[in-house]
Protein chains: 4
Amino acid sequence: MKVGIINVTGYTGVELARLLYQHPEVKLTSVTGRSAAGQKLGAVFPHLAGLELTISAELGDVELVFSAMPHKESAKEVIPLLGKGIKVVDISADFRLKDSSQYKQWYGFTHPAPRLLGEAVYGLTELYRAKIASSQLVANPGCYPTGAILALAPAVKAEIIEPDIIIDSKSGVSGAGRSLNLQTHFSEANEDVSAYALEGHRHLPEITQELKLLSGEKSLAVSFVPHLVPMTRGILTTCYAPLVSGKKEKQLKELYLDFYKDEPFVRVVDFPPHTKHTLGSNFCLIYPTVDQRAGKLIVISVIDNLVKGGSGQAVQNMNLMLGLPETTGLGAPAIYP
Amino acid sequence: MKVGIINVTGYTGVELARLLYQHPEVKLTSVTGRSAAGQKLGAVFPHLAGLELTISAELGDVELVFSAMPHKESAKEVIPLLGKGIKVVDISADFRLKDSSQYKQWYGFTHPAPRLLGEAVYGLTELYRAKIASSQLVANPGCYPTGAILALAPAVKAEIIEPDIIIDSKSGVSGAGRSLNLQTHFSEANEDVSAYALEGHRHLPEITQELKLLSGEKSLAVSFVPHLVPMTRGILTTCYAPLVSGKKEKQLKELYLDFYKDEPFVRVVDFPPHTKHTLGSNFCLIYPTVDQRAGKLIVISVIDNLVKGGSGQAVQNMNLMLGLPETTGLGAPAIYP
Amino acid sequence: MKVGIINVTGYTGVELARLLYQHPEVKLTSVTGRSAAGQKLGAVFPHLAGLELTISAELGDVELVFSAMPHKESAKEVIPLLGKGIKVVDISADFRLKDSSQYKQWYGFTHPAPRLLGEAVYGLTELYRAKIASSQLVANPGCYPTGAILALAPAVKAEIIEPDIIIDSKSGVSGAGRSLNLQTHFSEANEDVSAYALEGHRHLPEITQELKLLSGEKSLAVSFVPHLVPMTRGILTTCYAPLVSGKKEKQLKELYLDFYKDEPFVRVVDFPPHTKHTLGSNFCLIYPTVDQRAGKLIVISVIDNLVKGGSGQAVQNMNLMLGLPETTGLGAPAIYP
Amino acid sequence: MKVGIINVTGYTGVELARLLYQHPEVKLTSVTGRSAAGQKLGAVFPHLAGLELTISAELGDVELVFSAMPHKESAKEVIPLLGKGIKVVDISADFRLKDSSQYKQWYGFTHPAPRLLGEAVYGLTELYRAKIASSQLVANPGCYPTGAILALAPAVKAEIIEPDIIIDSKSGVSGAGRSLNLQTHFSEANEDVSAYALEGHRHLPEITQELKLLSGEKSLAVSFVPHLVPMTRGILTTCYAPLVSGKKEKQLKELYLDFYKDEPFVRVVDFPPHTKHTLGSNFCLIYPTVDQRAGKLIVISVIDNLVKGGSGQAVQNMNLMLGLPETTGLGAPAIYP
């Protein structure tokens with residue numbers, strides 16, 4: 001089976017190429033990239049010199065395509081492909097939100113195909129596995145929403161917390177992409193921690209949408225503050241919410257273990273996990289605990305933002321869409337130390 | 001005026017030596033350290049080679065002493081000095097908590113001089129300036145409490161938030177000290193973020209004590225989760241609390257500006273601050289904002305954990321105790337980038 | 001085929017476990033470790049939780065074993081295994097040097113089995129492929145020698161340089177192992193570069209031995225200075241030597257391309273390579289160039305010190321010893337960024 | 001005395017502002033910057049909020065000015081100032097080289113005022129102290145040349161080495177400036193080491209010129225390879241040269257100690273120094289040693305590239321030019337850890 005990547009030159013695109021290079025059942029045959037068209041992939045990305053591919057301006061003949069275009073641009077690329085019957089995993093935000101008016105509010109553009117928002121499946125594999133398998137268009141989640149929703153889903157679904165949630169995320173710098181920016185200039189980001197997007201990060205509506213769907217559409221207050229920390233990969237998310245009275249640590253643990261018992265890539269752990277435990281892998285580690293003094297649920301999750309928080313999850317979704325075992329090509333453990 | 005440092009060989013001790021080296025009004029004449037006794041200070045710490053001092057086993061004749069001993073050990077050193085009329089800034093936790101029973105609970109030892117807990121002044125300069133100036137014993141705050149209390153004090157005091165606070169702190173690794181530990185081994189801590197002490201960090205009772213004093217002894221729920229991030233210095237603290245209805249962003253800003261209007265080392269800023277803005281300096285930058293969607297106050301503070309969060313604040317307190325201008329020797333701006 | 005690891009708890013041991021976990025033809029069935037005996041491997045190393053193994057005190061029944069013991073200790077473990085017919089890849093230095101007197105000089109112990117030094121094959125796969133395939137005991141090279149010898153072998157063998165070589169290496173901190181040490185304490189090693197072992201690093205006799213063998217046992221002056229840089233993985237080695245007159249850049253490039261033309265893991269490249277191009281992979285990238293002004297050959301090589309510089313090369317050697325294709329289980333490209 | 005900075009917005013410019021802020025004898029009254037003109041300095045650089053200055057398009061009335069413009073642009077700014085009798089410390093390369101033809105070769109432009117190259121004094125304070133004190137135009141050295149020349153000067157001058165030198169430098173990323181670049185993007189530079197400018201770095205002619213002047217204009221072969229390491233500040237330089245026979249370690253040490261015996265900012269040390277020993281300070285630490293096996297001199301130097309390697313040395317030169325004690329305002333020890 002042939003697959004392609006639109007815009008291979010960003011970090012998500014090139015990470016897809018790395019994962020597909022090792023995939024035993026599909027073949028990456030076409031990669032596009034505007035600025036680098038005509039160059040060998042291995043000339044731009046020496047770690048992929050083994051992959052004999054030239055970056056082209058136009059997508060070749062493929063069965064499934066990943067779009068790693070920026071938002072707004074991605075929809076333009078994806079819509080014609082759908083008409084040709086090509087399966088699409090869209091890494092951008094363009095099909096994640098169900099309510100088209102939110103694109104105006106959060107992304108500043110009028111969505112070109114609101115009807116498709118109803119057809120697209122939100123690609124958080126653990127929540128929508130069956131739908132993904134039969135979908136033509138999967139909207140791959142953002143990196144922050146992946147960590148946050150996986151951390152909170154069991155508690156929200158079981159209604160053991162009040163609908164008043166705080167999500168404090170710490171992300172490696174690669175989440176900000178490969179485009180140059182003073183914030184991600186080495187001498188600025190190194191030896192530094194900062195919060196950003198306090199006026200409202202674009203991943204917030206995505207998180208709220210999914211948590212509401214899990215809890216049955218109730219009103220839900222979510223404060224989300226992302227932070228940049230001086231490392232390349234990884235997101236650690238710390239979630240806080242008032243516990244509905246009476247829940248014990250042990251019950252909480254069982255609830256989480258049960259919720260994720262059949263998941264190949266989610267592990268509920270007994271210790272506060274480190275982002276390093278997931279570096280380069282598709283795993284999400286989750287640690288739920290109770291702050292008895294304050295009556296709060298605290299849940300910590302860790303992922304590699306470019307793998308489970310991006311390209312790895314995209315491959316996981318691709319596997320389902322192509323009828324392959326979900327874990328195909330994604331078995332590598334994390335790199336440690 | 002002669003001053004001394006007990007246990008100069010930890011990071012707080014050696015940072016004190018750096019700051020005192022540049023201090024125009026006092027002279028560091030005696031430094032002790034068990035393992036390194038007999039060595040030149042500059043042989044152990046080459047950056048201080050200009051300071052002609054030998055590490056000794058016993059403290060010399062000084063007017064004021066800083067104890068940078070670990071908790072439990074520090075009280076043993078400090079108590080006899082007080083009897084001799086020497087002024088003491090204790091960097092350890094041994095005199096920070098008013099309720100002696102908390103030492104049993106949080107530090108696992110019976111406090112040897114509970115009476116002194118009533119006499120010691122908590123050395124958060126911005127809150128206790130006058131008392132510090134006339135005190136013989138100042139209990140220098142912990143690094144996390146400094147960032148958290150300064151961030152929350154104006155809001156707690158003005159009663160604009162519900163007594164239900166979340167404090168999520170991100171600390172550089174030097175906060176864990178100079179003692180060797182797998183958690184702070186370079187290859188483990190680099191490219192990693194983790195949360196720790198979820199069962200209750202020792203700085204929690206200190207934070208709670210001070211916030212209660214500010215708010216008038218009400219019940220107060222505080223969840224505090226510290227995180228380790230891969231940098232050497234700096235703490236960024238993100239605080240969340242429900243806003244009592246009706247408070248606007250502008251009023252909030254004015255409240256904070258007014259609270260800190262005469263403070264030489266606290267700056268209320270218009271942008272989310274970076275820890276790098278304080279590296280090596282005694283400043284604390286604070287950014288208060290409102291999450292209108294969730295009805296929450298969010299406050300972010302940044303400090304250098306070893307300066308305002310430790311040795312710099314200790315020198316600030318010393319200045320007051322010796323009748324010197326509070327800012328003496330502490331004017332250096334941060335190192336950037 | 002069953003394989004085992006002696007001392008799985010160091011960075012080389014645990015990296016072997018990661019690589020063998022993904023290996024399709026052998027099964028890791030036994031791992032030992034003194035301090036952690038009785039614990040699940042996944043409890044000590046969460047990234048390997050998928051590997052259902054318990055760390056034991058004694059090695060189980062295996063066909064081939066990797067010894068990741070420290071030098072001097074390793075020989076004691078390895079010698080009895082050889083007697084039982086078990087194949088051994090020794091990661092330590094205990095069988096790398098041909099001249100037993102050098103163990104006294106460089107490692108401070110009398111070698112317990114000098115006869116085996118003649119039988120052991122130096123496991124730099126690119127130089128000794130055939131011998132490794134038929135050997136029972138392979139002495140896996142050190143991380144620095146791997147980068148240095150691969151960089152210099154074509155030039156030394158072709159006699160295009162004078163026997164007067166400078167090797168300046170820059171290593172990530174994981175090369176110093178998992179044992180705690182002030183030099184590798186995060187706050188000391190972060191934001192720092194330093195040189196060490198200027199009096200003579202233990203990898204020097206190994207480098208000199210192999211370069212002499214390549215050049216035909218002539219006298220050879222080698223200065224080797226290793227440096228610690230603040231990253232976890234990777235070694236960049238910069239080699240300098242006077243060029244025998246008349247060699248041109250183009251001829252040099254052809255010489256290197258030809259020398260490594262059939263090598264699956266060595267790539268001669270057209271640009272100064274980055275350690276990041278090899279992170280987590282078994283590749284070595286080599287860039288030879290000429291400093292025309294000074295009449296010098298300059299060669300730069302990069303490896304991941306724990307993979308090609310350690311455990312990856314050990315698996316490469318194991319593949320040969322077991323009659324498997326050399327690249328089996330080692331195809332993963334580097335993690336980027 | 002009033003001083004000014006042309007182009008305050010780069011790392012050298014802003015570091016000058018930090019140092020001058022603390023200077024007791026001069027007052028920084030004018031700072032220019034094209035893109036940021038009209039903004040408060042503290043709005044662009046929050047660590048300097050205490051410095052009440054607005055960035056302007058035009059320089060105000062000052063006695064001495066620092067030009068932190070890029071090469072070629074700097075000469076244009078500096079030449080008219082000289083005519084007005086203003087003293088100038090030029091941080092750029094525009095007046096460092098004595099031979100005007102080298103500007104064509106290395107910097108690609110025809111020098112606009114070759115006559116001034118004879119008048120300008122090369123601002124390596126330790127070598128040209130007297131000339132600097134009476135000069136109107138000082139050409140502040142590059143960061144690499146400062147570390148390399150200080151490391152080699154005693155040996156070159158005493159003619160104890162052959163004129164065949166290798167200089168291998170490891171620099172923090174701030175040396176590459178504040179302009180955005182993929183090489184200095186955090187996710188690219190973090191966890192990475194690379195060599196660059198192997199075809200000839202622009203600091204090479206400057207190093208060669210000064211070493212020739214020291215040795216008496218003999219022919220001199222210098223290979224210089226700079227490397228980028230993942231830290232913000234610091235340069236460690238490792239120099240290698242063949243020793244003229246008969247020199248002993250002890251004599252070498254004495255030679256260096258004697259050469260630098262009166263220097264306030266150069267320390268000859270007994271151990272391999274770390275860049276961290278100089279972070280934020282104007283010190284240069286030098287460690288000379290002998291590789292007896294290879295008959296080589298090895299010298300290691302460390303500096304903070306932005307202080308002794310740039311703005312600190314510029315202030316040191318300013319002090320001399322204004323008749324102030326050379327160390328004024330530069331006494332701060334390094335920040336450690």
Side-chain angles (χ1 to χ4, degrees), chain B residues 10-12 14-15 17-22 24 41-51 172-175 177-178 184 187 190-191 230-233 264-265 267-281 283 285 287 302 304 306-307 327 329 331-337, chain D residues 10-11 14-15 17-22 24 41-51 172-178 184 187 190-191 230-233 264-265 267-281 283 285 287 302 304 306-307 327 329 331-337:
Chain B
Y11 287 144
T12 313
V14 70
E15 183 71 348
R18 178 180 75 89
L19 293 168
L20 295 169
Y21 179 52
Q22 304 176 268
L41 185 63
V44 183
F45 299 111
H47 69 300
L48 296 179
L51 230 174
V173 178
S174 66
R178 197 161 171 256
T184 54
S187 301
N190 184 42
E191 278 292 294
M231 62 183 187
T232 301
R233 287 174 177 239
F265 295 117
R267 288 175 43 217
V268 179
V269 291
D270 290 329
F271 51 87
H274 291 229
T275 57
K276 193 184 280 283
H277 297 151
T278 65
L279 182 71
S281 87
F283 285 89
L285 273 56
Y287 176 68
V302 293
D304 182 321
L306 292 177
V307 190
T327 57
I335 303 280
Y336 160 88
Chain D
Y11 287 146
V14 70
E15 182 71 349
R18 178 179 77 88
L19 293 168
L20 294 170
Y21 179 53
Q22 303 176 268
L41 185 64
V44 183
F45 299 111
H47 70 299
L48 296 180
L51 228 174
V173 178
S174 66
R178 197 161 171 255
T184 54
S187 301
N190 185 42
E191 279 291 291
M231 62 184 188
T232 301
R233 287 175 178 240
F265 295 116
R267 289 174 45 219
V268 178
V269 292
D270 289 331
F271 49 87
H274 291 229
T275 57
K276 194 185 278 285
H277 296 151
T278 65
L279 182 70
S281 88
F283 285 90
L285 274 58
Y287 176 68
V302 293
D304 182 321
L306 292 177
V307 191
T327 58
I335 303 279
Y336 161 89

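Chain letters run A, B, ... following the sequence lines, proteins first and then strands; every chain starts at 1.
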| request: Tell me, for F271(B) versus chain D, whether the close heavy atoms (under 4.5 Å) come from the side chain, the backbone, both or neither. | output: side chain
| note | If one checks every heavy atom of F45(D) against chain B at 4.5 Å, the contacting part turns out to be side chain
| note | Pair count under 4.5 Å, heavy atoms only, with chain D: among E15(B), Q22(B), R233(B), E191(B), highest is R233(B)
| field | Contacting moiety of L306(D), where chain B heavy atoms sit under 4.5 Å | value | side chain
| request: Look at L51(D), N190(D), L285(D) and state which one has the largest set of heavy-atom pairs under 4.5 Å with chain B. | output: N190(D)
| message | How long is the straight-line distance from OG1 of T232(B) back to CD1 of I335(D), given to the nearest 0.5 Å? | response | 11.5 Å
| task | State, to 0.1 Å, how close Y21(B) and G331(D) come at their nearest heavy-atom pair, and which atoms those are. | result | CE2-O, 4.1 Å
| query | Checking R267(B) side chain against P46(D) main chain: does a donor-acceptor pair fall under 3.5 Å? | reply | yes
| What part of D270(D) is in contact with chain B, defined as an atom under 4.5 angstrom from a non-hydrogen atom: side chain, backbone, both or neither? | neither
| message | Angle between ring planes, H47(B) versus Y336(D), binned at 30° and 60°: parallel, tilted or perpendicular? | response | tilted
